[in-house]
Amino acid sequence: MCLINIAEGDNMELKKVGTEIFLLPAVELAPKLLGKLLCRCVDGNIIKARITEAEAYSGEEDTACHAHKGKTPRAGILWRRGGTSYVYLCYGMHEMFNVVSGLEDEPGAVLIRGVTGYSGPGRVTKAMKIDRSLNGDDMTVSDRLWVEDDGTEYKYHTSPRVGIDYATEEYRLKPWRFIADIN
DNA sequence: AAAGTGATCATG
DNA sequence: ATGATCACTTTG
């Protein structure tokens with residue numbers, strides 16, 4: 001509906017994001033993703049929307065991170081190289097989309113919680129038609145799912161992460177939710 | 001405030 | 001095999 005569509009021939013300079021920033025630790029990657037364009041191609045149609053909110057999940061020691069339970073079948077993806085997509089089903093109905101962060105064997109990911117027009121991780125995936133069939137895609141080479149940088153940078157503020165009451169207090173309180181200030 | 005929905009993981 | 005839990009959303 002209100003997704004951003006960049007017309008062909010637009011002179012805005014777009015650059016597909018390669019591996020460099022994805023190799024950063026999750027807590028550094030998450031704010032850098034704010035303002036970037038999340039791009040999805042389905043049935044020949046390209047959908048682009050700007051990322052406005054993201055959360056970092058970082059390392060086995062982070063009790064909120066799926067990597068905390070070790071290399072389980074689902075979470076094993078988190079040990080892959082940054083730029084891999086991690087999509088899983090939550091509450092039986094919501095697909096959650098994350099970008100794996102860091103070097104191979106440094107588990108972590110950034111949950112995309114909002115894009116322009118859509119706030120909430122379940123709404124983001126619904127709007128962009130992202131589901132588990134994209135799990136494991138390398139976003140630096142995929143033609144189904146990738147990230148572009150047009151130079152936009154947002155100021156942002158932080159808060160604790162949402163929906164992780166099960167984590168220990170130390171990690172429950174980490175200000176690893178990054179919210180763009182759009183004025 | 002509480003249901004809805006099914007995969008995932010730990011337990012047995 | 002069974003059961004609790006869950007990076008949520010919608011409805012009342």
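The figures that follow rest on heavy atoms only: side chains count, while hydrogens, waters and symmetry mates do not. Chain naming here is simple, since letters A, B, ... match the order of the sequence lines and numbering starts at 1 in each.
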Atom [atom1] of [X] and atom [atom2] of [N]: how far apart are they, to the nearest Å?
{"X": "A/L111", "N": "C/dC6", "atom1": "CG", "atom2": "P", "value": "16 Å"}
{"X": "A/Y88", "N": "C/dA7", "atom1": "OH", "atom2": "C1'", "value": "4 Å"}
{"X": "A/R74", "N": "B/dA10", "atom1": "CZ", "atom2": "P", "value": "10 Å"}
{"X": "A/H66", "N": "C/dC6", "atom1": "NE2", "atom2": "P", "value": "10 Å"}
{"X": "A/L78", "N": "C/dA7", "atom1": "CG", "atom2": "P", "value": "12 Å"}
{"X": "A/K126", "N": "C/dT10", "atom1": "NZ", "atom2": "C1'", "value": "10 Å"}
{"X": "A/M93", "N": "C/dT5", "atom1": "CE", "atom2": "C1'", "value": "14 Å"}
{"X": "A/I77", "N": "B/dT8", "atom1": "CD1", "atom2": "P", "value": "12 Å"}

*Tell me whether C/dA7 sits syn or anti, counting syn as a glycosidic angle within 90° of 0.*
syn
*Look at A/R177 and C/dA7 and indicate whether a side-chain polar atom (N or O) is within less than 4.0 Å of OP1 or OP2.*
no
*Check whether any side-chain nitrogen or oxygen of A/H94 sits under 4.0 Å from OP1 or OP2 of B/dT5, and answer yes or no.*
no
Given [options], which nucleotide is nearest the side-chain atoms of [X]?
{"X": "A/Y166", "options": "B/dC9, C/dC6, B/dG4", "answer": "C/dC6"}
{"X": "A/R123", "options": "B/dT8, B/dG4, C/dT10", "answer": "C/dT10"}
{"X": "A/L89", "options": "C/dC6, B/dG4, B/dA7", "answer": "B/dA7"}
{"X": "A/K69", "options": "C/dA7, B/dA10, B/dG4", "answer": "B/dA10"}

Side chains of [X] and [Y]: does their closest heavy-atom pair fall under 4.5 Å?
{"X": "A/F22", "Y": "A/T140", "answer": "yes"}
{"X": "A/R113", "Y": "A/V162", "answer": "yes"}
{"X": "A/E60", "Y": "A/P107", "answer": "yes"}

*Would you classify A/R161 as touching base, sugar-phosphate or nothing, given that sugar-phosphate means primed atoms plus P, OP1 and OP2, and contacts are heavy atoms under 4.0 Å?*
nothing
*For DNA chain B, what is the dot-bracket line, given that a base pair needs Watson-Crick (N1 to N3, plus N6-O4 or O6-N4) or G-U wobble (N1-O2 and O6-N3) geometry with both distances under 3.5 Å, and | means paired with another strand?*
||||.||||||.
*Determine the minimum heavy-atom distance between A/L145 and A/L134, stating which atoms define it.*
CD2-CD1, 4.1 Å
*What are the two closest heavy atoms between A/L34 and A/F178, and how far apart are they?*
CD2-O, 3.8 Å
_I'd like to know whether the aromatic ring centres of A/H66 and A/Y88 sit less than 6.0 Å apart in this structure._
yes
*Assess whether atom NZ of A/K155 is packed by more than 12 heavy atoms of other residues, nucleotides or ligands within 6.0 Å.*
no
*Would you find more than 12 non-hydrogen atoms of other residues, nucleotides or ligands less than 6.0 Å from A/E61 atom CD?*
yes
*Is A/D138 salt-bridged to A/R81, cutoff N-O under 4.0 Å?*
yes
*Would A/Y57 count as stacked on C/dA7 if the rule is ring centres under 5.5 Å and plane angle under 30°?*
yes
*asked:* Quick check: on DNA chain B, is the nucleotide nearest A/C90 upstream (toward 5') of the one nearest A/A75, or the reverse? Name the residue that is more 5'.
replied: A/C90
*For DNA chain C, find the residues of residues 95-105 of chain A with a heavy-atom distance under 4.0 Å and give them by number; none if there aren't any.*
A/M96, A/N98
*Transitive ILVMFWY cluster of A/L23 at side-chain heavy atoms under 4.5 Å: who else is in it?*
A/L103
